[in-house]
Amino acid sequence: MMHFNTKMLIRSLQKAKNAQYVFRNASSGLPDLTKDRYPVNRADFATLGDKHLQFFRDLLGPQRVITDPAECEGYNVDWIKAVRGYSTCVLKPKTTEEVSKILSFCNDHTVAVCPQGGNTGLVGGSVPVFDEVVLCTSQMNTIYDINDTSGVLICQAGCVLESLDEALAEHGLMMPLDLGAKGSCHIGGNVSTNAGGLRLLRYGNLHGNVLGIEAVKPDGQIIDLLSTLKKDNTGFHLKHLFIGSEGSLGVVTKVAIHCVPKPKAVNLAFVGLPSFENVLKVLKRAKRDLGEILASCEMIDESTLEVCTGNLKLRSPIPEYPFYMLIETHGSNNAHDEEKLNGFLGDVMDSGLVLDGTVTNEPSKMKNIWDLRERITEGFILDGYVFKYDVSLPIEQFYSLVPVFRQRLSNHPDIVRITGYGHLGDGNIHFQVSCKQFSREILEKIEPFVYEYTSRLKGSISAEHGIGFRKPKYMKYSKSPESIAIMKDLKKMFDPKGILNPYKVLPP
Ligand code: FAD
Ligand code: 2HG
Ligand code: ZN
């Protein structure tokens, strides 16, 4: 028996704006300069002068050396407006050789460099802390090859994720990763952060999907690891050092990625549930009953959905419930997938685990539902200031941070909401405390407690967003002293002068 009525429930929602647009318009005002808000001292790097700028202009031409302060501003502030540097120079190389010459020159002259892709990172890694030169990959956007048979894509690091997906679609292929920032983030940024996203549950992470990388070391040396082979056990797998190292070891210039066939059948269910206990039961049944077609399993709590319905004025296709789940299936035969999904949904409704829901395979309706999930980050900006945490926890404790913090911070007048949502199928919750404005008092009530709590449960203090500027001192809650020491040795080996993305990930 089916309880779902697709026609009735889905209404037209506001058209999504791309992430770059949102960045420029979502909220007014700039954050404090990072140097004023955080206890950090500028290291002994050179201050840019005429001789440096002349070198850059001779190499790139005047158009690709940005020095106009108004134009530089967008490259100095992060997407959620939490950190701000004051770089006076943004470089836009087009080729690996140009990146190599820039880094070699900066290394020789001890000029600090901040690599930047689409600037959608959420841990303050993509913008300068002080006056580091920004090396932006936006002009490195060539697709070299898409192989329909092997599924291998080879492209430059500055290709925008969504553009790659569009190009692949013409070949019946799809990127293995998808995230709300797809309209702005670059594939080089995705690889450098080992971005997770909305379909990692099905297609795995970039350590598995990236076949090869070309990168430039801080001294300008080009490292060609651009293999397109699925199997290659000759020596150490050095590409993995660049995946997720957030621009601390080198600048990624090209990637080879194993892409997946674009599914012929995609179905999406959006359901309302009364409790987190039920969410867990539905997750277990989804894995068991949907098996190989399960592609996404995301959770949103009631208060999080309100940032979309309230702040962004999006419409939910179902009434309010304490929890919601988005369950997407990907397969090759729609009749088969629909039968499976409908059987599963009938079962979770009949057993009372799910109270209400909608299911659809119409692209526009699926997009409207996904907007409720993908635009949450944007919606939170309108609350004022948001303290964000991105943690992996054992699945039974996935939601536990929210009640713990609602009690710990109860009655604080500046708090707008304390909520959780995220990649349930991967055990990765996005926990946030939003406030009318930045408050050091609230920050000190959250940190380091949130990290101690996560560590006690043997979770990860950064599941997918990385360490960046915001979290280096908390890495110890998820990594042993021995492993941090090895990371520091590697950093010294790759970047003895420490010019690449200083103050981030592994500051001395
Ligand atoms: P940037 O933000 O420009 O840079 C990120 C880091 O990588 C910085 O440390 C930078 O120095 C470094 N870097 C960038 N390019 C290079 C390069 N070529 N070589 C070396 N280092 C480089 N993240 C997820 O994991 N999952 C999600 O679901 C997700 N959803 C998001 C949704 C929204 C709306 C937003 C705003 C962000 C989201 N993010 C998510 C975070 C972010 O989008 C990802 O981390 C993304 O991979 C960053 O790509 P970027 O090109 O914007 O990189
Ligand atoms: C997501 O899953 C992203 O939507 C962003 O990882 C999470 O804004 C966040 O904290
Ligand atoms: Zn996420």
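Quick caveat, the model's predicted, so the values are computed rather than measured. The residues of the chain are indexed from 1 along the displayed sequence. Note that ligands are numbered from 1 as they come in the structure, with each ligand's atoms numbered from 1 the same way.
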Only heavy atoms of [X], strictly under 4.0 Å: list the atoms of ligand 2 that pass.
X: Glu464; answer: 2 (O), 6 (O)
X: His430; answer: 1 (C), 2 (O), 3 (C), 6 (O), 7 (C)
X: His423; answer: 2 (O)
X: His465; answer: 3 (C), 5 (C), 6 (O), 7 (C), 9 (C), 10 (O)

Within the structure, is a non-hydrogen atom of [X] found at a distance of less than 4.0 Å from ligand 1?
X: Ser248; answer: no
X: Leu122; answer: yes
X: Gly196; answer: yes

Relative to [atom], which among [options] owns the nearest non-hydrogen atom?
atom: atom 19 (N) of ligand 1; options: Val252, Ile381, Asp178, Asp426; result: Val252
atom: atom 10 (O) of ligand 2; options: Lys388, Glu298, Arg375, Glu378; result: Lys388
atom: atom 37 (C) of ligand 1; options: Leu500, Ile80, Thr120; result: Thr120

Against heavy atoms of [X], which atoms of ligand 1 measure under 4.0 Å?
X: Gln116; result: 3 (O)
X: Gly121; result: 2 (O)
X: Ala195; result: 25 (O), 47 (O)

May I ask whether Asp390 has any heavy atom positioned less than 4.0 angstrom from an atom of ligand 2?
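Outside the 4.0 Å threshold, so no.
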Proximity flag Arg373 to ligand 2, non-hydrogen atoms under 4.0 Å
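Checking ligand 2 against Arg373, which is what was asked, there is a heavy-atom contact under 4.0 Å.
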Ligand 1 N/O within reach of [X] N/O, cut-off under 3.5 Å:
X: Glu246; result: yes
X: Cys114; result: no
X: Glu464; result: yes
X: Asn501; result: yes
X: Thr137; result: no
X: Leu198; result: no
X: Leu179; result: no
X: Ala181; result: no
X: Val251; result: no
X: Asn190; result: yes

Just so I know, are the side chains of [X] and [Y] near enough to count as touching, which here means a heavy-atom distance under 4.5 Å?
X: Phe438; Y: Leu443; answer: yes
X: Leu506; Y: Leu490; answer: no
X: Glu214; Y: Ile222; answer: yes

Ligand 1 versus [X], non-hydrogen atoms closer than 4.0 Å: side chain, backbone, both, neither?
X: Ser192; value: side chain
X: Thr193; value: side chain
X: His465; value: side chain

Considering heavy atoms of the protein only, find what lies nearest to atom 5 (C) of ligand 2 and give residue, atom and distance to 0.1 Å.
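Ranked first by proximity to atom 5 (C) of ligand 2 is Thr377 OG1, 3.4 Å.
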Determine whether a donor-acceptor pair (N or O, by modelled atom type, separation under 3.5 Å) exists between the side chain of [X] and the backbone of [Y].
X: Glu246; Y: Gly466; answer: no
X: Gln432; Y: Lys388; answer: no
X: Asn209; Y: Tyr203; answer: yes
X: Arg373; Y: Leu326; answer: no
X: Lys497; Y: His109; answer: no

Between Lys445 and Asp414, does any NZ, NE, NH1 or NH2 come within less than 4.0 Å of an OD or OE carboxylate oxygen?
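So Asp414 does not pair with Lys445 through a salt bridge.
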Ion pair check, Asp165 and Lys182, cut-off under 4.0 Å:
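A salt bridge is absent here (no side-chain N lies under 4.0 Å from a carboxylate O).
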Neighbour count >12 (heavy atoms, 6.0 Å) for atom CG, Asn41:
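Not more than 12 within 6.0 Å, no.
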For atom NZ of Lys92, decide whether the heavy atoms of other residues, nucleotides or ligands shown that lie under 6.0 angstrom number more than 12.
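Enclosed.
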Could you label the plane-to-plane angle of the [X] and [Y] rings as parallel, tilted or perpendicular, counting under 30° as parallel and over 60° as perpendicular?
X: Tyr421; Y: Phe380; result: parallel
X: His465; Y: His430; result: parallel
X: Phe276; Y: Phe323; result: tilted

Quiz question: by atom type and distance under 3.5 Å, do the side chains of Ser126 and Asn119 form a donor-acceptor pair?
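The criterion, which ignores hydrogens and geometry beyond distance, is satisfied for Asn119 and Ser126.
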Under 3.5 Å, is there a donor on one side chain and an acceptor on the other for Ser392 and Ser460?
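There is no such pair (donor and acceptor under 3.5 Å, judged by atom type) between the side chains of Ser392 and Ser460.
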So which N/O/S atom does His423 have closest to the Zn ion (ligand 3)?
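For His423, the N, O or S atom at the smallest distance from the Zn ion (ligand 3) is NE2.
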Glu464 atom (N/O/S) at minimal separation from the Zn ion (ligand 3)
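The atom in question is OE2.
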N, O or S from His430 under 2.8 Å to the Zn ion (ligand 3)
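Yes, within the cut-off.
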With sequence neighbours left out, what residues match Phe45 under ring pair (Phe, Tyr, Trp, His ring centres under 6.0 Å)?
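If we apply the ring pair (Phe, Tyr, Trp, His ring centres under 6.0 Å) test to Phe45, skipping adjacent residues, there are no hits.
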Should the proximity of Tyr421 to ligand 2, defined as any heavy atom under 4.0 Å, be assigned to the side chain, the backbone, both, or neither?
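Just the side chain.
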Once you restrict to heavy atoms under 4.0 Å, what part of Leu122 touches ligand 2? Side chain, backbone, both or neither.
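Near ligand 2, Leu122 shows its side chain, while the N, CA, C and O stay back.
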Test Phe270 against Tyr324 for ring pair (Phe, Tyr, Trp, His ring centres under 6.0 Å), laying out the working first.
CA-CA 7 Å; Phe270 183 62; Tyr324 305 89; 5.5 Å; yes
